[in-house]
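FYI, side chains are in, hydrogens and waters are out, and symmetry mates aren't considered; it's all heavy atoms of this structure.
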Amino acid sequence: MQSPKPRRKMGPTTNGPDSWDKLDELLISSAICNGEDLGPFVRKTFGTGKPETLLHHLKFFARSKESEIEEVCKAHYQDFIHAVDDLKSLLSDVDSLKSSLSDSNSKLQSIAAPLLTSLDSLVEAGPVSKNVDLAIGAVTHCVRVMEIASRANRHLQGGNFYMALKCVDLIESELLEKTHSSTLKRMIEKRIPEIRGYVKRKVSKELGDWLVEIRLVCRNLGQLAIGEASAARQREEEVRIKQREAEEEQSRRDCALDEEEEDDDVEGLLGFDLTPLYRAYHIHQTLSLEDGFKQYYFDNRELQLKSDSQVSSMTPFLESHQTFFAQIAGFFIVEDRVLRTGGGLISKMEVEFLWDLAVTNMCAVLEDQFSRMQTANHLLLIKDYVSLLGVSLRRYGYTVDALLEVLSKHRDKYHELLLSDCRKQMAEALSADKFEHMLMKKEYEYSMNVLSFQLQTSDIVPTFPYIAPFSTTVPDCCRIVRSFIEDSVSFMSHGGQLDFYNVVKKYLDRLLGEVLDEALLKLINTSVHVVSQAMQVAANMAVFERACDFFFRHAAQLSGVPLRMAERGRRHFPLTKSQNAAEETLSGLLKKKIDGFMILIENVNWTSEDVPQGGNEYMNEVIIYLETLVSTAQQILPAKVLKRVLHDVLAHISERIVGTLCGDLVKRLSMAAIKGLDVDIQLLDSFTEQLTPLLTEKEANEMKTAFVEIRQMINLLLSSHPEKFVNPVIRERSYHALDNRKVATVSEKFRDPSDSIFGTFGARGSRQNPKNKSLDTLIKRLKDVS
């Protein structure tokens with residue numbers, strides 16, 4: 001420890017020159033005692049030129065301290081003497097300690113000598129031990145390397161390439177640099193690239209085999225997917241049929257139909273395996289070749305798609321189209337799975353690129369094949385399959401609008417081909433018609449030929465065998481038309497267009513108005529030669545009228561249009577031309593038949609004075625034929641058709657009688673002849689009145705207007721004042737159907753040419769008959785008018 005600094009000693013303060021010297025002495029003493037620097041005092045002393053003063057002061061200070069020093073030395077000397085005494089007292093202890101230490105040292109050396117020898121041996125064994133430890137570590141490291149290499153070999157033999165590569169990566173990244181064996185290191189460095197190359201070749205071979213196998217899998221997958229779409233469509237059709245039946249059944253109006261929705265996993269049903277692809281992708285990721293593998297996969301799949309999109313010229317497209325489209329459908333189902341589960345193996349843009357390429361190729365193929373097809377059924381088959389393809393792939397998010405546009409573009413061609421086919425079928429059906437009533441022996445025949453087309457006039461099922469009022473032509477043509485409607489709806493449906501009833505209706509109008517109507521016209525003009533044939537055709541036309549109602553309702557139902565809207569858009573009967581031709585042909589043949597009976601009018605004695613009882617012979621024959629005709633016709637012809645035909649026939653009879661009266665055959669008419677004609681017309685009146693079970697009273701009265709001309713002619717000739725015919729009011733009321741020239745001609749024949757004949761019987765023979773006078777007046781006025 002350092003002793004504390006002594007306090008600075010200050011001398012007393014004095015005055016005068018001696019006091020200044022005394023002060024300097026004190027300051028110097030104080031500075032020396034305090035250990036301060038004496039430089040300022042020295043510089044001051046030499047600066048004043050009085051160094052002697054400083055020396056004096058220093059000497060004085062030294063003398064003043066000698067006594068103190070002496071006292072301190074004395075004190076220290078006493079302490080030293082005491083310390084020496086203490087040391088002497090300790091000397092004996094030191095000697096005993098020294099002897100003890102010597103003994104201990106001897107014992108220690110005797111004991112430590114073997115230990116030192118062992119220590120030297122230990123020191124010598126240290127480097128050896130270190131080298132051994134290093135050798136053991138190196139061997140252990142090599143053993144681990146060999147174990148991992150052996151494990152990699154086992155993985156390679158077992159086909160577990162990913163684990164083999166992981167072992168190789170572990171050896172290369174963590175163990176190879178620490179391997180001290182140069183031989184082992186060189187061997188491993190040589191084998192690592194070989195192992196990676198072997199793994200790459202193996203997975204590439206597996207991928208190649210998978211790419212070959214997946215093409216067959218794609219075909220089966222596409223066929224299965226399209227089959228599922230077809231089954232789903234069939235279920236929808238069945239549901240719609242049940243709904244239509246429920247709508248038609250009033251008692252089942254409230255029935256509910258539950259559609260079972262089935263979501264079949266097509267991929268799961270087929271069970272295709274993507275493991276080889278994903279393993280190859282994983283291996284290439286491990287080998288840091290991910291980008292190259294993606295490009296390799298995309299290029300190969302693009303080449304496969306282009307190959308699948310080519311149509312073989314060796315096989316007709318109709319036979320190969322299902323395989324063609326199924327292959328493409330399966331291709332994109334697989335690509336959708338790869339896109340969703342491949343971990344980025346293929347991107348959405350690449351899949352869309354492949355789909356656009358496929359759509360372009362398919363559209364080109366369809367355009368080319370449709371342009372060559374000349375059969376409607378073939379075009380419909382392909383269209384249905386393409387629409388099923390669209391339904392299948394739309395589930396996976398692919399857009400198929402371009403394909404549907406191609407189908408829609410060939411709509412007109414399909415219907416033209418369909419119309420051509422129906423024209424041939426109808427020509428064959430009509431050419432085979434025997435113009436006989438159709439016989440149905442069983443109820444299923446009635447259901448198939450009548451109920452299926454709603455041709456029945458009553459809900460009561462007839463007894464069998466049943467003779468229909470129509471011939472076999474009607475159900476045959478109905479089947480052709482129904483098939484046309486179903487084919488048209490099938491083509492238009494599932495094509496992207498929801499409201500297609502107007503299109504179907506347009507082509508149905510063409511089928512009925514152009515094809516069927518023209519075929520019936522040709523049949524009427526070339527094959528109908530007798531009344532029975534014409535009557536059968538006319539009866540068929542009446543049934544066709546009911547069938548046409550069914551056709552438009554059926555088209556509306558299949559198109560999903562409410563019946564009330566279809567009824568609202570109905571037009572006139574499309575077979576009007578053939579219907580009119582059938583009735584005109586029937587009327588014409590009946591008129592020819594009537595003309596055969598009207599020849600008997602030549603046998604009438606027009607100058608007879610006797611009125612024939614029961615009418616003239618020709619009229620009786622005509623009435624008998626008409627009654628026979630009506631009894632037969634009323635069984636097959638509708639009342640309105642029969643009414644029109646009879647009206648034409650009766651009008652023809654009236655015209656023939658009037659024509660005979662005006663012709664050269666009749667030179668002169670007697671009153672009895674006119675009354676005989678009146679009886680004939682009364683027979684016609686009776687005949688029309690007998691038609692009241694078939695016709696209403698109003699219709700029967702309208703029927704009498706057919707022979708109004710001959711009736712008014714007879715009334716005029718039998719009237720007392722025939723000249724009233726020229727009175728406009730009377731003529732309009734009673735003789736509006738008569739022609740002036742005909743009246744004048746008949747009146748001249750009816751006028752008595754000689755008044756003298758009557759004069760022989762009376763007193764005044766020169767008096768003219770008033771009726772003849774009236775006739776003369778009428779004839780004169782008519783000649784003036786003409």
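Checked by atom type, the side-chain pair S230/Y385 shows no donor-acceptor distance below 3.5 Å. Using a 3.5 Å distance cut-off with no hydrogens or angles, the side chains of D299 and Q295 do pair a donor with an acceptor. R394 and T399 are not linked by any side-chain donor-acceptor pair at a separation below 3.5 angstrom, with hydrogens and angles left out of the test.
With rounding to the nearest 0.5 angstrom, the CD atom of E206 is 10.5 Å from the OG1 atom of T275. The CZ atom of R219 lies 12.5 Å from the CD atom of Q322; values are rounded to the nearest 0.5 Å. Separating the CD1 atom in I346 from the CG atom in D336 is a distance of 10.5 Å, to the nearest 0.5 Å. To the nearest 0.5 Å, atom CZ of residue F325 and atom CG of residue L366 are 4.0 Å apart. Considering SG of C363 and CG of D368, their distance stands at 13.0 Å, rounded to 0.5 Å. Note that OG of S347 and CD of E352 are 8.5 Å apart. Values are rounded to the nearest 0.5 Å.
E71 places none of its side-chain heavy atoms less than 4.5 Å from the side chain of K74. Annotation: side chain of C73 is in contact with side chain of I69 (closest heavy-atom distance under 4.5 Å). When side chains are defined from C-beta on, I283 does not count as touching L289, because their heavy atoms never get closer than 4.5 Å. At least one side-chain heavy atom of N300 sits under 4.5 Å from a side-chain heavy atom of Y296. Residues R279 and P276 have side chains not in contact (no heavy-atom distance under 4.5 Å, counting atoms from C-beta outward). When side chains are defined from C-beta on, L345 counts as touching F293, because their heavy atoms get closer than 4.5 Å. You'll find the side chain of V386 stays beyond 4.5 Å of the side chain of L404, heavy atoms only. Using a 4.5 Å heavy-atom cutoff, the side chains of F298 and F353 are in contact.
The two residues G330 and L221 make their nearest non-hydrogen contact at O-CD2, 3.9 Å. Looking at every heavy atom in both residues, L354 comes nearest to L305 through O-CD2, 3.2 Å. When every heavy atom of D273 is checked against every heavy atom of W210, the shortest pair comes out as O-NE1, 2.8 Å. Contact between A225 and I333 at its shortest, heavy atoms only, is CB-CD1, 3.6 Å. Of all heavy-atom pairs between L211 and R301, the closest is CD2-CD, 4.1 Å. Across all their heavy atoms, M492 and K383 have their closest contact at N-NZ, 4.4 Å.
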task: Give the C-alpha distance, both sets of side-chain angles, the deciding distance and a yes or no for side chain to side chain contact (heavy atoms under 4.5 Å, CB included) between V84 and F80.
output: CA-CA 6 Å; V84 170; F80 177 74; 3.6 Å; yes

- request: Check the pair Q285, E290 against side chain to side chain contact (heavy atoms under 4.5 Å, CB included), reporting the backbone distance first and the verdict last.
  value: CA-CA 5 Å; Q285 283 181 320; E290 178 180 357; 3.5 Å; yes

task: Carefully, step by step, assess V334 and L274 under the rule side chain to side chain contact (heavy atoms under 4.5 Å, CB included).
output: CA-CA 9 Å; V334 171; L274 296 178; 4.3 Å; yes

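When atom types are taken as modelled, the side chain of T360 and the backbone of D356 share a donor-acceptor pair closer than 3.5 angstrom. Side-chain atoms of H284 come within 3.5 Å of backbone atoms of A280 as a donor-acceptor pair (strictly under, hydrogens ignored). At least one donor-acceptor pair under 3.5 Å links the side chain of T341 to the backbone N or O of R337. When atom types are taken as modelled, the side chain of Q327 and the backbone of C218 share no donor-acceptor pair closer than 3.5 angstrom.
Using a cut-off of 4.0 Å between Lys/Arg side-chain N and Asp/Glu carboxylate O, E302 and K306 are scored as salt-bridged. With respect to the salt-bridge test (charged N to carboxylate O, under 4.0 angstrom), the residues K294 and E350 do not qualify. Salt bridge status for K107 with D103: absent, with no side-chain N to carboxylate O gap under 4.0 Å.
Below 30°, between 30° and 60°, or above 60°: for W355 and Y398 the angle between ring planes is between 30° and 60°, a tilted geometry.
Ring centers of Y396 and F332: at least 6.0 Å apart, outside the cut-off.
Only one option out of L357, I328, V400 pairs with M362 in a side chain to side chain contact (heavy atoms under 4.5 Å, CB included); it is I328.
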Quick one: side chains of residues 118-131, donor-acceptor pairs under 3.5 Å with protein atoms, not counting sequence neighbours, listed by atom name and distance.
| from | atom 1 | to | atom 2 | distance (Å) |
| --- | --- | --- | --- | --- |
| S118 | OG | P114 | O | 3.2 |
| S121 | OG | T117 | O | 3.1 |
| N131 | ND2 | P127 | O | 3.2 |

